[in-house]
Number of protein chains: 2
Amino acid sequence: MSRSNPRVLATLERAGGFASAQEVYRLMQREGESIGLTTVYRSLQSLVNEKIVDVLRRDDGEAIYRLCGDTHHHHLVCKGCGDTVEIEGGAIEKWAKNMAQEHGYREIGHTAEIFGLCSKC
Amino acid sequence: MSRSNPRVLATLERAGGFASAQEVYRLMQREGESIGLTTVYRSLQSLVNEKIVDVLRRDDGEAIYRLCGDTHHHHLVCKGCGDTVEIEGGAIEKWAKNMAQEHGYREIGHTAEIFGLCSKC
DNA sequence: ATGGAAATGAAACTCATTTTCATTTCTATG
DNA sequence: CATAGAAATGAAAATGAGTTTCATTTCCAT
């Protein structure tokens, strides 16, 4: 198993805590850091597993990685500019739990994202 | 410009109103329909432009197409056997609308899936 | 008919992401 | 210190979704 390369995390932070793997890679290259694209992907993957980083998808399907706080939350993403708001999902948690119970499911997880156009777009 | 091929729409309907382009294509092939992958993509694209169909993204980034207006529902998926239950999401709809309004977002859509282990697994 | 516009699909292409595998770097233990 | 095994690394090849190109076919309107 690979562990997350700290330089990747540092770069993601420097990028405003929001970038795709390719962007992180290009950024590191441009700043003269010697690293392989494979390692960038692996590190981001590890950061996701360690729940230090969150993955979302751009409209074109490219994965974007984003530093996130530890409270479990959901996202409100603008389809226009990609701006993201972290939101509480109390209602969702309950809904998920209810639905799961109703159908006899255990060890529940869920995903929920809202997307639309922000006031600026 | 191309127009949407009615057989593609029919197949998407038959698929439960919810499938990726590749799935629609494979389904048509399996059922002996003669069609090219390109046409499937073009037709789905047109259906999206005509707002007959909606696009979402799977977790792996693959685009999935969904009939609009179709009373929209969510899925409860078993991580073990892949069994899927379609569920109502009234609570989610309200939550999404509220959150969006609260942050000044318009033209809202959302995704929400629950996953866990079913009673058999 | 017939000429042009729209539709079609095979194949080549793009591009993000994953896999493979040989090499390098650590690290624990003798 | 030596050194063997484990983990990390990255170049290159592979994968797979989606797009583009272009030659061919199908549709119509005249």
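Both backbone and side-chain heavy atoms feed into the values below; hydrogens, waters and symmetry mates do not. Letters A, B, ... are given to chains in the order of the sequence lines, protein chains preceding strands, and every chain is numbered from 1.
- Residue A/N5 contributes atom CG, which lies 13 Å from atom C1' of D/dA7 at whole-angstrom precision.
- Between A/C78 and A/C118 the shortest heavy-atom distance is SG-N, 3.3 Å.
- Between B/Y25 atom OH and D/dA17 atom C1' there is a gap of 14 Å when expressed in whole angstrom units.
- Donor-acceptor pairing under 3.5 Å is lacking for the side chains of B/Y41 and B/Q45.
- Taking atom CZ of A/R58 as the reference point, atom P of C/dT17 lies 9 Å away to the nearest angstrom.
- Going from atom CD of A/E23 over to atom P of C/dA16 covers 10 Å, rounded to whole Å.
- Among residues at least two apart or in separate chains, salt bridge (charged side-chain N to carboxylate O under 4.0 Å, His left out) pairs with a member in residues 17-31 of chain A are A/R14-A/E31, A/E23-A/R58.
- A sub-4.0 Å separation between OP1 or OP2 of D/dG18 and a side-chain N or O of B/Y41 is present.
- Of all the heavy atoms in B/A91 and A/W95, the pair that sits closest is CB-CD1, 4.0 Å.
- Atom CG of B/L44 is separated from atom P of C/dT8 by 13 Å (rounded to the nearest Å).
- Within the nucleic acid shown, A/D60 has no heavy atom closer than 4.0 Å to any nucleic acid atom.
- Straight-line distance from the CD1 atom of A/I64 to the P atom of C/dT17: 10 Å, rounded to whole Å.
- Side-chain N/O atoms of B/T39 include one lying less than 4.0 angstrom from OP1 or OP2 on C/dG9.
- Taking only distance into account, the side chain of B/R42 never meets the base of D/dG18 through a donor-acceptor pair shorter than 3.5 Å.
- Under the ring-ring contact (aromatic ring centres under 6.0 Å, His included) criterion, A/H75 pairs with A/H73, sequence neighbours left out.
- Nucleic acid contact class of A/E62 (heavy atoms, under 4.0 Å, all strands): sugar-phosphate only.
- Protein atom CD of A/Q22 is 10 Å distant from nucleotide atom P of C/dC15, rounded to whole Å.
- Among all heavy-atom pairs drawn from A/H74 and A/A112, the shortest one is ND1-O, 3.0 Å.
- In this structure, the CZ atom of B/R57 is 13 Å from the C1' atom of D/dG16, given to the nearest Å.
- Within residues 26-38 of chain A, the residues approached by DNA chain D to less than 4.0 Å at the level of any non-hydrogen atom are A/S34, A/I35, A/G36, A/T38, in residue-number order.
- With rounding to the nearest 0.5 Å, the separation of CG in A/L37 from CD in A/Q22 is 5.0 Å.
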